[in-house]
Amino acid sequence: KLDERARRSEAMGRGDTSELRRCSRGAYLEMRAKKKVEELRDDIIEEEAMFADARRTDAEERELKRKKEIYGLVHGSASQDDGAGDYYRMPDAYDDAANVDQGKRFSVARRRHDDGGEARGSKGRPFSEQESWEDQQIRRSQLEFGAKDRGHAGGEYEFVFDDAVEFVKATAMAGTEPEDETDELGDEIDAKAMMQRELEDQRKTLPVYKFKDELLKAIAEHQIIIVVGETGSGKTTQIPQYLHEAGYTANGRKIACTQPRRVAAMSVVARVAQEMGVKLGHEVGYSIRFEDCTSEKTAVKYMTDGMLLREFLGEPDLASYGVVIVDEAHERSVSTDILLGLVKDVARFRPDLKLLLSSATLNADKFSDFFDMAPVFKIPGRRYKVDIHYTVAPEADYVDAAVATVLQLHVTQPPGDILLFLTGQEEIETTVEEILRRRTRGLGTKIAELVICPIYANLPTELQAKIFEPAPPGARKVVLATNIAETSLTIDGISYVVDPGFCKVKSYSPRTDAESLLVRPISKASADQRAGRSGRTGPGKCFRLFTEHSYRQDMADDTVPEIQRSNLASVVLSLKALGINDMVSFDFVDPPASEGLLRALEDLFALGALNSRGELTKTGRRMAELPLDPMLAKAIVASERYGCSEEVVTIASMLSAGNAVFYRPKDRALVADAARQVFSAGGSAGDHAALLNVYTEWEQSGHSAQWCADHFVQPRTMRRARDVREQLEALLERVEIERRSCSGGDLDAVRKAITAGFFRNTAQRRRDRLYRTLKTWRTVFVHPSSGMARLDPPPRWVVYHELVETSNEYTRQVTEIKPEWLLEVAPHYYQENN
Ligand code: ADP
Ligand code: MG
């Protein structure tokens, strides 16, 4: 009993709900366990039936295998050649943790391993640590009992099994009868109340809490305030709640809190709903593109800055909001910058509107100047000392260096989590694998467990929450994050930061007229922000994988605001729709280059969105209503003329749902390719028609998962496309575009509508069968993923959705057109040229 109480309060201290539940009475636990196992079994049966043959993606295959293993493990039916209890146990001792070189410079000690040899499990089969990691992740998310258990049947892998007794106990109990329901309910309420109290206490420990009254007073006295505070001081999660509690929403007006990043908006709002003890979407909700999770009740609304920008279109005075918080203003995204100009204006004629800008960096003066010397409210930071270490010499391969550093820190440094900054999803995924691959090699089993948590924009929501969970006792967590962890998300418990000094930035090249994401060195300001992440809960250390010289000499002081390096067509269209005609005198914090503005105006004119006086046309007004790139928006608007709005909206939804429509299992690549070619009639119908066909057939199948499996189509992408489509349909009504379908599948009508939006993306085949773009006169290739890539002969004229730049420039999503269409769809653009 006593023991249980101790564990319970310890779990409370950590805010660990699953542990709390585990500590609750046996019956409840056991019933849950039983239920989980049943669910798992149903899952397996269902999935096996659904994918009767081998048509699963590798990931699905692995997941199913894992589920079976877990199921087998719980039921003791899995084959255990080593006999029960023969689990491998890793000692969690650190190798002489205290004896660490604390010098300011460090060199990365690299272990080079040849492939083969050591990395074998005890049975001689190379064991995949990726698998073991996934196993662990899945277990953590699927099995709430014994979540810490890491056991494995079959003896093929090495596992830590640090909680075997408890796990076995849960299994053993699965057979007996559950107690009556009231008991379970009681437990649930009990645990919930405890969690709530615990959260309440946690809120009080945040730095902003001490200044709550002062802050509220300042807000009451001033209309505009700039709030500056270290990341993690509670700006994003607390301030909206304070305002809500203080009655700012009592008049029925909402609080808006904008975020430059979707993931940040979703993650933060989940936390706030939890803290307020309400269901997400009720009092607290969020709104991001194509996803609205708010209701009538919503008083506190987290949203991307782009979404608030869109709301201006329908409500130029933001009448439904009493407070607007532009969070992460220092990020200076295009939308944030535009918002700042707009809200400044609104604040002038709406004295009742409160405006807060929050920023994690201390150079808030710029914002203060911009808002006519608005007061700056500083939340004193709670940052501990951070030791900065540089590499002695430049690192040639920063991923390699990062992996080595993480492992080196793991074996030599005292407890504390590690945060590694990388540039994107792909890089994060390969790094995860690399860390896992090298972890036990050479280091053997003498090291503590390393829990690896990736976080990037497209990570499924269920897994995003993982980064906030504390590592199990004795283990160390390493978070592999994109820039998102620089200021948007605060992860507690980080003591070590590894910073390669790069990030992916959007850049627009007027030369190719293409926007691309390029890996670039970060600024000094970013590097310092990143370093600061290690000193939140105690003294920290930051390991920079670049030299001190390059920090001082090569890095820019600040990041260039996005508005100065983007294609502005979409922004200019929104502003025009808001009645802001004079771009040059718009109140920008930092004005974009005038040639960028000019180019955007030209583009919009060519699309027919602006007339020759630069005023918004009817077409332009309709385009502005659609939350899409102006070219795609134009294609939809044009579809009305060709009587094919249904088809074009479908294609637009598919294009917006992401690139991963098809999958291509390695062992069945040819079958998959063939299946895919059918959708574009062997390539000749074009990629846009292929997307249309995929969607139509999927719908006809009743959105069947089996159909997806049969045709190598990703169900997730399809579901997303359906969501997008529903929203676009609703918008069609608003802009009064009749929903019509071109009867008999007159694909030329569809192609013309697409061309009406993308006529600037046209290319002509040369004699050597490569294409030359009409606009920029560049040589481009058809992307190998295109159905068109194998046509012989390739069509003479094509329109493409986008250019991607890798080793070459590739056109993606390509469709054949007739050159005379160009004159028809864009006379003002092509007339002169002809
Ligand atoms: P700031 O905006 O000042 O950077 P936040 O309000 O985002 O600070 O964070 C305050 C605290 O809330 C931090 O300790 C952070 O770890 C915690 N927190 C924020 N989001 C979540 C979440 N989704 N899950 C758990 N904790 C969270
Ligand atoms: Mg924040």
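Whatever order the structure lists ligands and atoms in, that order sets their numbers, starting from 1. Note that the coordinates shown come from a computational prediction; the quantities given were computed from them, not determined experimentally.
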**Q** How about Gln425 and Glu429: does a side-chain donor come under 3.5 Å of a side-chain acceptor?
**A** yes

**Q** Stepwise, does the salt bridge (charged side-chain N to carboxylate O under 4.0 Å, His left out) test hold for Glu328 with Arg261?
**A** CA-CA 9 Å; Glu328 306 274 324; Arg261 296 193 165 89; 5.2 Å; no

**Q** Check whether any N, O or S atom of Thr236 sits under 2.8 Å from the Mg ion (ligand 2).
**A** yes

**Q** Looking only at distances, please establish whether an N/O atom of ligand 1 is found under 3.5 Å from an N/O atom of Leu206.
**A** no

**Q** Any donor-acceptor pair under 3.5 Å linking the side chain of Gln564 with the backbone of Val560?
**A** no

**Q** List the closest protein heavy-atom neighbour of atom 8 (O) of ligand 1: residue, atom name, distance to the nearest 0.1 Å.
**A** Gly234 N, 3.2 Å

**Q** Please report which non-hydrogen protein atom sits nearest to atom 2 (O) of ligand 1, along with the residue it belongs to and the distance in Å to one decimal place.
**A** Thr236 OG1, 2.5 Å

**Q** For Gly232, is at least one N or O under 3.5 Å away from an N or O on ligand 1?
**A** yes

**Q** If only side-chain N and O atoms count, and only distance matters, is there a donor-acceptor pair under 3.5 Å linking Gln238 with Glu275?
**A** yes

**Q** What do you reckon, does Lys235 have a nitrogen or oxygen under 3.5 Å from a nitrogen or oxygen of ligand 1?
**A** yes

**Q** Should we say atom CZ of Phe468 is surrounded by more than 12 heavy atoms from elsewhere, each under 6.0 Å from it?
**A** yes

**Q** Tell me if a side-chain donor or acceptor on Gln464 pairs with a main-chain N or O of Ser267 at a distance below 3.5 Å.
**A** no

**Q** Check whether any N or O atom of Thr490, backbone or side chain, sits under 3.5 Å from an N or O atom of ligand 1, and answer yes or no.
**A** yes

**Q** Check each atom of ligand 1 against the heavy atoms of Glu230 and keep those under 4.0 Å away; list them by number with element.
**A** 3 (O)

**Q** Quick one: is the NZ or CZ of Lys254 closer than 6.0 Å to the six-membered ring centre of Tyr321, and within 45° of its axis?
**A** yes

**Q** Can a donor-acceptor pair be found between the side chains of Thr559 and Ser523 at a distance below 3.5 Å?
**A** yes

**Q** Judged on heavy-atom distance to atom 26 (N) of ligand 1, which of Glu328, Arg271, Gln202 sits nearest?
**A** Arg271

**Q** Does some side-chain heavy atom of Arg476 sit less than 4.5 Å from a side-chain heavy atom of Tyr496?
**A** yes

**Q** Looking at ligand 1, would Arg536 count as a contact under a 4.0 Å heavy-atom criterion?
**A** yes

**Q** Of all the atoms in ligand 1, which lie at a distance below 4.0 Å from a heavy atom belonging to Thr231?
**A** 4 (O)

**Q** Which atoms of ligand 1 sit under 4.0 Å from any heavy atom of Ser267?
**A** 23 (N)

**Q** So for Gly229, does at least one of its heavy atoms come nearer than 4.0 angstrom to any atom of ligand 1?
**A** no

**Q** Identify the protein heavy atom lying closest to atom 10 (C) of ligand 1, giving its residue, its atom name and the separation to 0.1 Å.
**A** Thr237 OG1, 3.6 Å

**Q** Is the NZ or CZ atom of Arg544 positioned over Tyr551's six-membered ring, under 6.0 angstrom from the centre and within 45° of the axis?
**A** yes

**Q** Short N/O distance, under 3.5 Å, between Asp327 and ligand 1?
**A** no

